[in-house]
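Read through the structure below, which is laid out as structure tokens, and then see the notes.
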Amino acid sequence: MRSLFDNFLTTPAYAQSAGGGGFSAEGLMSILPYVAMFGIFYFLLIRPQQVKQKQLRSQLSALRRGDRVLTAGGIIAVVQKVSEGSNEVEVELAPNVRVTVLRDTISTVITSVATPANDATPAKKD
């Protein structure tokens, strides 16, 4: 009775086949799904975020007077003064209400003076 109880609670150890010690086709095939998942995550999540951050950095470096911006706190303001050597930007929240914000707290440049609204040149009439 004791040997039947011992066999029920304990599992026998199964011997594994001896591997080649190096890379094998089975080892490569077990790693391949992880590599594929990383590739999918990179191209669907990581890469677009990096492109978006690079675009925002270039927009922040090109801030000019008159640009409408959205701060991280959700405040929409118009840029009034940009100091080149400083990280501070003076924005106007309402008429005659100006505050100084850090350039890093600007999350989006809504409209930019640098890009005109209509870039098409009017056709000349002869």
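Reckoned from all heavy atoms, side chains included, excluding hydrogens, waters and symmetry mates.
- Cluster partners of L102: none. The rule joins Ile, Leu, Val, Met, Phe, Trp and Tyr whenever side-chain heavy atoms lie under 4.5 Å apart, and it links nothing here.
- Applying the under-4.5 Å side-chain rule to Ile, Leu, Val, Met, Phe, Trp and Tyr, the cluster around V99 extends to L56, L60, L63, V69, I75, V79, V82, V89, V91, L93, V97, V101, I106, V109.
- In the hydrophobic clustering, M37 connects to Y34, either directly or through intervening members, whenever side-chain heavy atoms lie under 4.5 Å apart.
- Here L32 is tied into one hydrophobic group with M29, each link being a pair of ILVMFWY side chains closer than 4.5 Å.
- No side-chain heavy atom of D67 sits under 4.5 Å from any side-chain heavy atom of V78.
- Evaluation of the side-chain hydrogen bond (donor to acceptor under 3.5 Å, both in side chains) test over residues 71-83, restricted to residues two or more places apart or in two chains, returns R65-Q80, Q80-E92, Q80-R98.
- Between S107 and A72, the shortest heavy-atom contact is OG-N, 4.1 Å.
- For the side-chain hydrogen bond (donor to acceptor under 3.5 Å, both in side chains) test, no residue two or more places apart in sequence or in another chain qualifies with N96.
- Distance alone, capped at 3.5 Å, is enough to place a donor-acceptor pair between the S86 side chain and the E88 backbone.
- Residue pairs satisfying the side-chain hydrogen bond (donor to acceptor under 3.5 Å, both in side chains) criterion with at least one member in residues 42-58, sequence neighbours excluded, are absent.
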